[in-house]
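Read through the structure below, which is laid out as C-alpha cells, and then see the notes.
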Amino acid sequence: MPKTNEELEELFNEWADLIRISGGDPFRARSYEKAAAALGAYPKDVASLDEKALQAIPTIGKSMAARIREYVDKASLHELEDLRELVPPGVRELTRIPGLGPKKAVLLNQELGVSNIDELVVAIGEHKLRGIKGLGPKTEENIARNIEQFQQHGDRVQLNVALSLAEELVAGLAECTAVQEVTYCGSLRRMRETIGDVDILAASNDVEAVMNAFDELPMVGRTIARGDTKMSVITLKGVQVDLRVVPHDAWGAALIYFTGSKAHNIKIREMAVKRGWKLSEYGLFTTKTDKRMAAKTEEAVYAKLGLPWIPPTLREDAGEVEAALAGNLPTLIELDDIKGDLHTHTNLTDGQATIEDMLATAAARGYTYYAVTDHAEHLYMTGMSREKVLAQRAKIADLQKKFPKMTILHGTELNIDQHGQVDYDADFLSGFDITVASVHSYFNLSRDGMTKRIITAMENPNVHIIGHPTGRKINSRLPYEFDAEAVFAAAARTGTAMEVNSYPDRLDLRDEHVRWAIGAGATISIDTDSHAVGHLAGIRYGVATAQRGWAQKANVLNAKPLKQLEAFVARKRAKAR
DNA sequence: GCCGTTTTCGGCCCGACTGTTTTCAGTCG
C-alpha cells in the first residue's frame, strides 16, 4: 500500500489509543480506528487527493480530511502531538499486554509511576499492585502471566502453523460424542496471513462434556478462563485457543459471530438494528417481540438481512457488504480452478526433491500443466549452468512421456540485478517455455531505483512472472521500498503476471496488494515456490490470499487453460518485435 | 468524529468472562 496511507493508518491508530487512555469519548476513538482501517486498505495514495476527494472515502469526514491534508502538506499532526504531551509516555506500551486496557494502564501509571513493561514487572515482583483500589492479587497474578506469555509469543503465528493446530483440535473434539458439529472460525477461517488466537466453535447441548474433552486433548496446556459457554486455553506450544459451545440451532449465527471480522460483524449488526432487529451469536431477533427469525445457517441469517452468503475470506468490512447489497460480490478464485503451478524447484538447484518426485506429486494433484523453474546461474550458490539447463530440458522431454495428462513446461527463476537485467541473453531465454524473475539481492536500493529495476525487468519480453514481488518475509523481513502503483500499472501494460507466492512465510503479493494489482488491470499467478514435494499443497494459502484480494478466475494466469497460458507468453514475446 | 428510507442531533453491536465488588467495571473478540 502507498506509504502515506500506511503512515496515516499507524498514526490514526495511535490517536485512537491516546483518546481512550486520556479518557476521551470512546466513540470518537472508534472513528479514528475506522478511519485508520479505511486508509490502510485504500488502494490509491491519499497524498494525491484533495479534501473533497478524501471525504468520498467512507469513514472520512470533514475533520479527518483536513487532518490528512495537514499531514501530507506539513508532515505533522499538531492535535496528535498535543495529545501525546497529555499522555504519560509508555502507557500506550502497557496496553499491548493482554488483559491490560487503557483504564488499568492509566491507574498503574498514576498509582505506581509505572511507564513501561519492565517497570511493571518490577512492581509486580514487589507485590505493589494488590494495594491499589480495584486491583487484587488475582489481577496481579494474571498480568504477570500475560506479560510472560506476551514476551515469549508476542508474534502472531503463521497461517499454516495455526491451521494444522486447528485441524488437530477439531479432529480431537469431533471424537467427543457430545459434539454435534465442530469447526474452526476466526481469522483462521478468514485465512489471514497470521493468527493471534485460534477460535474453535462447537455445537452441543452438553457444554460440560465438550469442555472436559477439550481440556483433555494432548496439545492443550493451561486453562485461562472457563465459563458456561466459553473456555480459553494456552496450548503446550504457547498458542491461545478459544472454544465456544453453542446450541445446534444457533450454528449459523454463531459461525458468523465467531468468524468475524469484528468490523464485518458490526456492519451487519448495524444493518439489523436499522430494521428494528438484533443480531447476536444466538440468532437474528426482532427487538420488540424477541422472536428469532434466523440462526440455523449462515445463509439464512445473511438472507434475512437481504444479503447473499459472503465468503469468509472477504469478511473484513472492506466493501464486501456494499458489494453484496449491490449484487456485485466477486465469484472468487477457488483451489479447484488452479490448473498448474508455475514456480517450483528441484534438487538440481536448492530444492530437496528430484524432478521425478516433484512431477509425480504435481500429477497426483490433477494439474494439467506444471513448470519446473530452477534457479538461474547468477544465484551462484545454487551452482546452475547453461549445460545443466539444457540437460534438464532434455530430461523433461523424456519425462513428458510418463505424464501424458500433464504438460511439463521448462522454465527458470531468473535473478533481477540492480539495473533490472536478468541472467541470460534473449536468445537463450527464448528457449524456456516460461520464466519467473525475482529480486534476490540489493534489497536496499532507493524507492525509485527499485521501482525502475522491477519495471525494467517487466519490459523484458522473456520475463513472464515477477516472483514474490515485494520481498517481504512475515515476521522477519520488511518488503523492499518501491512504487507499487507504478509497478502494477507496468504489469498491466507489459502483460507480465504478478506472483502470489503461496509459501506461508511469504504470501507475497499479500491480500491488499492483490486487490490493488487486479484493480490496476494486472494478471496474477498463484504459485508455491516449492522446494519439496510437501510444499505443493501450500497452494491453498496462495489461493486464500488471492481470495482475500478479491481475485476471480479470470484474473489468474494459472487458472487459464494451457492454450491461453501459451498465448499469454506468446503475446509478450511478440511485443519485442 | 461520522452519519442519515424515523435523523443535521443523538445515536454509535452485542455478549461472555473475570475479579472485585455486593451490582458492576474492565477487557476481549
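Atom set for the values below is all heavy atoms of this structure, side chains included, hydrogens, waters and symmetry mates excluded. Quick note on labels: first sequence line is chain A, next is B, and so on, each numbered from 1.
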For nucleotides B/dG1 and B/dT6, find the distance between their P atoms and express it as a whole number of Å. 28 Å
My understanding is that only one of A/D505, A/T545, A/L507 makes a side-chain contact (heavy atoms from CB on, under 4.5 Å) with A/E193; could you say which? A/L507
At less than 4.0 Å, is any side-chain N or O atom of A/T59 found next to OP1 or OP2 of B/dG1? Yes or no. no
Send over the distance from A/K278 NZ to B/dC13 C1', rounded to a whole Å. 11 Å
Between B/dC2 and B/dT8, how many Å separate the two C1' atoms, rounded to a whole number? 12 Å
With heavy-atom distances below 4.5 Å as the criterion, would you say the side chains of A/F214 and A/R226 are in contact? no
How many whole angstroms separate atom CH2 of A/W277 from atom P of B/dC14? 14 Å
By nearest-heavy-atom nucleotide on DNA chain B, the more 5' of A/S63 and A/G99 is A/S63
Nearest-Å distance for atom pair CD1/C1', residues A/I57 and B/dC2: 14 Å
Measure from the side-chain heavy atoms of A/K104 and tell me the nearest of B/dT20, B/dA16, B/dT27. B/dT27
Shortest side-chain distance from A/V273, nucleotide among B/dC13, B/dG1, B/dC17: B/dC13
Any A/R30 side-chain nitrogen or oxygen under 4.0 Å from OP1 or OP2 of B/dC13: yes
Write down the distance separating the P atoms in B/dC28 and B/dT20, rounded off to the nearest Å. 16 Å
Tell me which nucleotide among B/dG1, B/dT20, B/dG15 gets nearest to the side chain of A/S31. B/dG1
The glycosidic conformation of B/dT22, counting syn as within 90° of 0 and anti otherwise, is anti
side-chain hydrogen bond (donor to acceptor under 3.5 Å, both in side chains) between A/T229 and A/R244: does it pass, once the steps are laid out? CA-CA 6 Å; A/T229 69; A/R244 183 75 187 263; 3.3 Å; yes
Both distances below 3.5 Å, Watson-Crick or wobble geometry, any strand: find the nucleotide opposite B/dG19. B/dC24
Roughly, in whole Å, what's the span from CE in A/M211 to P in B/dA16? 12 Å
May I ask you to say what A/F258 touches in the nucleic acid, namely base, sugar-phosphate or nothing, with a heavy-atom cut-off under 4.0 Å? nothing
Reckon A/T229 has a side-chain N or O less than 4.0 Å from the OP1 or OP2 of B/dG15? no
A/E175 atom CD, over 12 foreign heavy atoms within 6.0 Å: no
So which one's nearest nucleotide on DNA chain B is more toward 5', A/L279 or A/K103? A/L279
Sugar-phosphate only, base, or nothing, as touched by A/P26 at under 4.0 Å among non-hydrogen atoms: nothing
Pairing of A/R84 and A/E14 as salt bridge, 4.0 angstrom limit: yes
Is the closest side-chain heavy-atom distance between A/M64 and A/I57 below 4.5 Å? no
Taken to the nearest whole Å, NZ/A/K62 to P/B/dC3 is 14 Å
Could you give the CZ-to-P distance, from A/R244 to B/dC28, as a whole number of Å? 17 Å
Atom NZ of A/K274 and atom P of B/dC3 are separated, to the nearest Å, by 11 Å
I'd like the C1' distance from B/dC17 over to B/dT23, given in whole Å. 16 Å
Which part of the nucleic acid, if any, lies within contact of A/K262, taking any heavy atom under 4.0 Å across all strands shown: a base, the sugar-phosphate backbone alone, or nothing? base
Testing B/dG29, B/dC17, B/dG1 for proximity to the side chain of A/D197, the answer is B/dG29
Does the side-chain hydrogen bond (donor to acceptor under 3.5 Å, both in side chains) test come out yes or no for A/N109 and A/S115, once each step is laid out? CA-CA 6 Å; A/N109 179 259; A/S115 64; 5.1 Å; no
On a whole-Å scale, what distance lies between the C1' atoms belonging to B/dC14 and B/dC9? 24 Å
What is the distance, to the nearest angstrom, from the CG atom on A/L83 to the C1' atom on B/dG1? 14 Å
Separation of the C1' atoms in B/dG29 and B/dC13, to the nearest angstrom: 12 Å
In whole angstrom, give me the gap between the P atoms of B/dG11 and B/dT27. 26 Å
A/R28 side chain N/O closer than 4.0 Å to the phosphate oxygens (OP1, OP2) of B/dG1? yes
If you count the non-hydrogen atoms of other residues, nucleotides and ligands that lie under 6.0 Å from CZ in A/R96, is the total more than 12? no
Describe the nucleic acid contact of A/D228 in one word from base, sugar-phosphate, nothing, applying a heavy-atom distance below 4.0 Å. sugar-phosphate
Base, sugar-phosphate or nothing for A/I268? Non-hydrogen atoms, less than 4.0 Å. nothing
Side-chain N or O of A/Y282 versus OP1/OP2 of B/dA16: is the shortest distance under 4.0 Å? yes
Would you say A/N142 places a side-chain N or O within less than 4.0 Å of OP1 or OP2 belonging to B/dG19? yes
Just to be sure I understand the rule, does A/R67 reach a base, reach only the sugar-phosphate, or reach nothing, if contact means heavy atoms closer than 4.0 Å? sugar-phosphate
I'd like the P distance from B/dA16 over to B/dT21, given in whole Å. 24 Å
So A/K34, base contact, sugar-phosphate only, or nothing? Heavy-atom distance under 4.0 Å. nothing
